[in-house]
Amino acid sequence: MSANEKAILSVGGKNHELDVIVGSEGERAIDIRSLRGQTGLITLDNGYANTGACQSEITFLNGEKGILRHRGYSIEDLCERGTFLETAYLLIYGELPSQSQLSTFTEDITRHTLIHENMRTFFQGFPLKAHPMAILSSMVCTLSAFYQQSYNALDAEHTDLTIVRLLAKIPTIAAFAYKKAVGQPYIYPDNNLNYCENLLKMFFAVPCEDHEVDPDKAKALDQLLILHADHEQNCSTSTVRLVGSSLANLYSAISAACCALWGPLHGGANQAVIEMLSEIAKDGNNVRKYIDLAKDKNSDYRLMGFGHRVYKNFDPRARIIKKTCDKILAREGINDPMLDIAKQLEQVALEDEYFIERKLYPNVDFYSGILYRALGIPQDMFTVMFAIGRLPGWIAQWREMVTDPATRIGRPRQVYTGQQAREFTPIENRESLPGRTAGLDRVTPHE
Ligand code: SDX
């Protein structure tokens, strides 16, 4: 929506008028789509902290008030009253499904959970200690090789089928990656179970005995997946939009998003939080030492699970996860020392001027690892679980982008600050200037 308001840019002795756009929640943006044409200028914004990449109807965040809504529904309501597949349908198709729509969507997903038998052998090719995010991103892209006749990004039927295949097969790929790591036989999907029960059974069942999935754990996992389902234009979602803007197929865009999510500053933080808490535990629970380290400008140490580009108040997802942590651990009679250290860390940090001044609060990753541990999920699978949760959000954002007539291929500009034109230097006249690290003494074998 365009406001009547205009932004006036005065540069080079001239005034240029730019429209101001107002979102449905009152956010305002200067529309710079004509800036370079009008002024010859571009904008510069490392990390895009001040730049809107698109207009979207999917998720609304208010970082100051700690609000998160999907298509207008609060994250609290969706966690309390909805399920992950309902939330996935809402994100992707714009409305909560009717009972018949949900039944059909669920049935379609249930009947696509198998991966091609040839893919099963690919898992053997990875080193035993391969990080599961390396396997997940590779296998997601590999899916495109098996469905080459039905992944045209501009074909709605192809898209609906690809959406079902991704939602159905990614939990199977994740579970097979886990079984490979622990040297157990793969457990095939069980169509008699719901989405999260099936996921937990594929992870933890073994062929030599019956396996009952705890419904409360399945419900806690369902809530965790809802909490991760979408988060507007975060790093991995922006990756999906950029890759998808070239009309590459959805499998390749999701594979790229998995790689972006893997980073410790993004989805990899949940694993890094547990590694940090374990380090503090080994160091005599010396919470203050690590708070001081995080505050020390000479150290690049950060409190993992703390801080957020948008939330300058509590991450509403962290609040919900913390409550579920308490409930599940109490019910299971688990006394996880990591939870106690996390609570101490939170308390000390939230009373410390450094964190208060920078509005650094626990984010979604701070407690999620503790809940995954309580569900039996191993640490290096945490980011894979984040990807399973975020998948419907990535899909929804990709679909909104691909179906938007205003979409253009993503191609940011730059401000060049390198060498100006210079003559070519023949090799005999060149000195050895600092550059790459010293040559490798020999090819190091894989670990
Ligand atoms: C996710 O975008 C999303 O929505 C992401 C996500 C999603 O659902 O998709 O919410 C999921 O990725 C959550 C974030 C997980 N990452 C971490 O927990 C890693 C630790 N957090 C930080 O690295 C950091 O807070 C970020 C990456 C999350 C945000 O970085 P910003 O917005 O670029 O903030 P910044 O690095 O510019 O920091 C601002 C100041 C700096 O200090 P000053 O230079 O002003 O003195 O705050 C400090 C930073 O040093 N700071 C921290 C800190 N985070 C920021 N200091 C200590 N510990 C931290 N965790």
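Whatever order the structure lists them in is the order used to number ligands and atoms, beginning at 1.
Of the protein's heavy atoms, Gly307 O, 3.6 Å lies nearest to atom 28 (C) of ligand 1. The protein heavy-atom contact nearest to atom 9 (O) of ligand 1 is Arg390 NH1, 2.8 Å. Looking only at protein heavy atoms, the nearest one to atom 48 (C) of ligand 1 is Tyr354 OH, 3.5 Å. Nearest non-hydrogen protein atom to atom 13 (C) of ligand 1 is Asp365 OD2, 3.3 Å. Here the heavy atom of the protein found nearest to atom 12 (O) of ligand 1 is His266 ND1, 2.9 Å. Considering only non-hydrogen protein atoms, atom 52 (C) of ligand 1 sits nearest to Leu360 CD1, 3.5 Å. Nearest protein neighbour of atom 5 (C) of ligand 1, counting heavy atoms only, is His308 NE2, 3.6 Å. Protein heavy atom in closest approach to atom 4 (O) of ligand 1: His231 ND1, 2.6 Å.
Between Tyr178 and Val384 the shortest side-chain heavy-atom distance does not fall below 4.5 Å. Contact annotation: the side chain of Phe123 approaches that of Met139 to within less than 4.5 Å [non-hydrogen atoms, C-beta and beyond]. With a 4.5 Å cut-off on side-chain heavy atoms, Lys322 and Pro362 do not count as touching.
Heavy-atom distances between Arg317 and ligand 1 reach below 4.0 Å in at least one pair. Not a single heavy atom of Val310 sits less than 4.0 Å from an atom of ligand 1. Ligand 1 has at least one atom lying under 4.0 Å from a heavy atom of Gly305. Put simply, part of Lys297 is less than 4.0 Å from ligand 1, judged by heavy atoms.
In this structure, atom 50 (O) of ligand 1 has a protein heavy-atom contact shorter than 4.0 Å.
At a heavy-atom cutoff of 4.0 Å, ligand 1 is contacted by no atom of Lys295, backbone or side chain. When non-hydrogen atoms are compared, ligand 1 lies under 4.0 Å from neither the backbone nor the side chain of Thr237. With a 4.0 Å heavy-atom cut-off, ligand 1 is reached by no atom of Glu232.
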Yes or no on side-chain hydrogen bond (donor to acceptor under 3.5 Å, both in side chains) for Thr51 and Asp45, after CA distance, side-chain angles and deciding distance? CA-CA 7 Å; Thr51 299; Asp45 186 19; 2.6 Å; yes

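Side-chain contact, Glu107 with Ser103: no donor N or O sits under 3.5 Å from an acceptor N or O. Counted by atom type alone, His266 and Ser236 present one or more donor-acceptor pairs between their side chains at under 3.5 Å. In summary, the side chains of His116 and Tyr147 do not present any donor paired with an acceptor at a separation below 3.5 Å, with no hydrogens or angles considered. Counting only N and O atoms by type, the side chains of Asp283 and Tyr290 include a donor and acceptor under 3.5 Å apart.
The distance criterion of under 3.5 Å between nitrogen or oxygen atoms is not met by Asp315 with respect to ligand 1. Residue Tyr301 places no N or O, backbone or side chain, under 3.5 Å from any N or O of ligand 1. Close N/O approach between Phe355 and ligand 1 is not found [any backbone or side-chain N/O within under 3.5 Å].
Of the options Tyr361, Phe306, Phe366, the smallest heavy-atom separation from atom 20 (C) of ligand 1 is shown by Phe306. Atom 16 (N) of ligand 1 has its nearest heavy-atom neighbour, among Asp300, Leu265, Leu61, Asp230, in Leu265. When Met276, Arg302, Arg309 are checked for heavy-atom proximity to atom 38 (O) of ligand 1, Arg302 turns out nearest.
The atoms of ligand 1 that sit less than 4.0 Å from any heavy atom of Asn234 are 2 (O), 3 (C), 4 (O), 5 (C), 9 (O). Residue Ala269 approaches ligand 1 through these ligand atoms, each under 4.0 Å from one of its heavy atoms: 15 (C), 16 (N), 17 (C), 18 (O). Taking every heavy atom of Arg358 and a limit of under 4.0 angstrom, the matching atoms of ligand 1 come to 40 (C), 42 (O), 43 (P), 45 (O), 46 (O), 47 (O), 48 (C). Distances below 4.0 Å separate heavy atoms of Met304 from the following atoms of ligand 1: 18 (O), 19 (C).
Using a 4.0 Å cut-off between a side-chain N of Lys or Arg and a carboxylate O of Asp or Glu, Lys201 and Glu197 do not qualify as a salt bridge. Between Glu400 and Arg241 there is a salt bridge, since at least one side-chain N of the basic residue sits less than 4.0 Å from a carboxylate O of the acidic one. In summary, Asp214 and Arg331 engage in a salt bridge, as defined by a charged side-chain N under 4.0 Å from a carboxylate O.
Cation-pi geometry between Arg358 and Tyr354 is satisfied (NZ or CZ under 6.0 Å from the ring centre, within 45° of the ring normal).
In plain terms, the two heavy atoms of Ala205 and Lys179 that are nearest each other are O-NZ, 2.8 Å.
Every residue two or more places apart in sequence or in another chain that forms a salt bridge (Lys or Arg N to Asp or Glu O under 4.0 Å) with Lys343 is listed here: Asp326. Ile334 pairs by the side chain to side chain contact (heavy atoms under 4.5 Å, CB included) definition with Leu329, Glu332, Asp336, Ala374, not counting sequence neighbours.
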